[in-house]
Amino acid sequence: MNLSDREKKMLDEGNGEPVRKAMEILVALGKIYDAEDMVPIRSAHIAGLSLKSHGDAGLEWVENMAAENARVQVPTTLNVIGVDRSRDLGLPEDWCRKQKRIGWAYERMGCFGSSTCVPYYCGYIPRLKEHIAWAESSAVVFTNSYLGARDNREGGPSALAAALTGCTPRYGLHLDENRKGKLLVKVTEPMTCLADFGALGAYVGKRVGTDIPVFSGIERMAIEDHVYLGAALASSGAVALYHVLGITPETLFEKSVLADRYETVEFGNREKQIGKEQLTSGVDRSVDYVAIGCPHCSLRQLSQLAELLAGKKIHKNVTLWIHTNVAIKGMAMQLGYREAIEQSGAVLTQDLCTILSCPEELGFKNIVTNSAKMAFYAPGTGKFNVWYGNVEECIEAAVSGKWKL
Ligand code: F3S
């Protein structure tokens, strides 16, 4: 690989052991992917912060890095951790203590304790064509697709290495020629809610794997639609970029976002139903847990939930957690949404999420959600049986204690 003098110095111990190790990781990655050189990055986002992924060894490793004075070189945000730092949700004490130590260690390295998978809702917004090193698959696909930034599906360690050095190997989606779609999806069915976009993402993600899908036939999309479509594509497949003709930025200025050879499929009512069935594993209709906010809720979603929950009471056998981050929660508190939500018995959480925390430790078994990503992972990570539907159906189940018949 061609390295600049600055990069060579980092590799030869110039800036301390953590930076040397970080550069070693990046050079090894660059060699694996045949990168010619490094590209400077403007920001990083580090994921994999849950104790589930770090374990005790990871906790010790990150605390050692912080003790060795490792410091990030670019604005760096942190993904969800497994604990709500504002309140006791009844999760095991030991888990919470260790989880907080992981967050603090990264903050000591100069990262922002954003604890969210949607840092772009909090002002960390990469620009068109800007090179970045973000981890968290739902955030990666959003930055590439909705914002037109240049990012690969980083893992936690490679994103940290990029943050400590300010660069990443130039390969994959950092190169314009790799951003063309190989599957055109003609959407013929109206997409009316987040659960529809989740079903679209789940269906297409499974089919396309790591390739880039291009959607046609969608007239308008709210930002949340992109967030839920992308998260579904990135979990049922390993999609890091999609295009929507006439909507996402690259389709507006590139001559074509399709490769010279591509396949075409249709997504109609039948495919939508298949997508939803794919996300449902529930058998027992008694519900004990409802989880909304994967990816974390926007302010608009919280305003809608406040309206849906007004005057209602959550069933005594049901726990309803609504996940967001501290910034959005702060606004929701000022605007009265949190009060309206929590008066019903629901809990507005910050910092954590169902998949990366351990709500299964509280004995929940049958989960209802409007998130395709959560529906995809919950059976594996928490051994949950999942019912998948739109947000109105989720609230109905939370109030009645039953999934609709
Ligand atoms: Fe975010 Fe957790 Fe879902 S990190 S995308 S809420 S699994």
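These numbers come from a predicted model, not from an experiment. Every number for a ligand or one of its atoms is a count from 1 in the order of the listing.
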With a cut-off of 3.5 Å and sequence neighbours excluded, list every side-chain donor-acceptor pair involving residues 202-209.
| from | atom 1 | to | atom 2 | distance (Å) |
| --- | --- | --- | --- | --- |
| Arg207 | NH2 | Glu263 | OE1 | 2.9 |

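Comment: Glu17 engages Arg20 in a salt bridge, judged by a side-chain N to carboxylate O separation of less than 4.0 angstrom. The pair Glu7-Arg170 does not meet the salt-bridge criterion, since no charged nitrogen lies less than 4.0 angstrom from a carboxylate oxygen. A salt bridge does not link Asp288 to Lys365: none of the charged nitrogens lies less than 4.0 Å from a carboxylate oxygen. Classification of Arg150 and Glu250 as a salt-bridged pair holds, one side-chain N sitting under 4.0 Å from a carboxylate O.
Counting only N and O atoms by type, the side chains of His131 and Thr168 include no donor and acceptor under 3.5 Å apart.
Under the side-chain hydrogen bond (donor to acceptor under 3.5 Å, both in side chains) test applied with Asn325, the options Thr116, Thr349, Asp351 reduce to a single match, Thr116.
Less than 2.8 Å away from atom 2 (Fe) of ligand 1, the protein contributes these N/O/S atoms: Cys353 SG.
Ligand-side atoms of ligand 1 in range of Gly293: 6 (S), range being under 4.0 angstrom from any heavy atom. Here is the list of ligand 1 atoms found below 4.0 Å of a heavy atom in Glu136: 4 (S), 5 (S).
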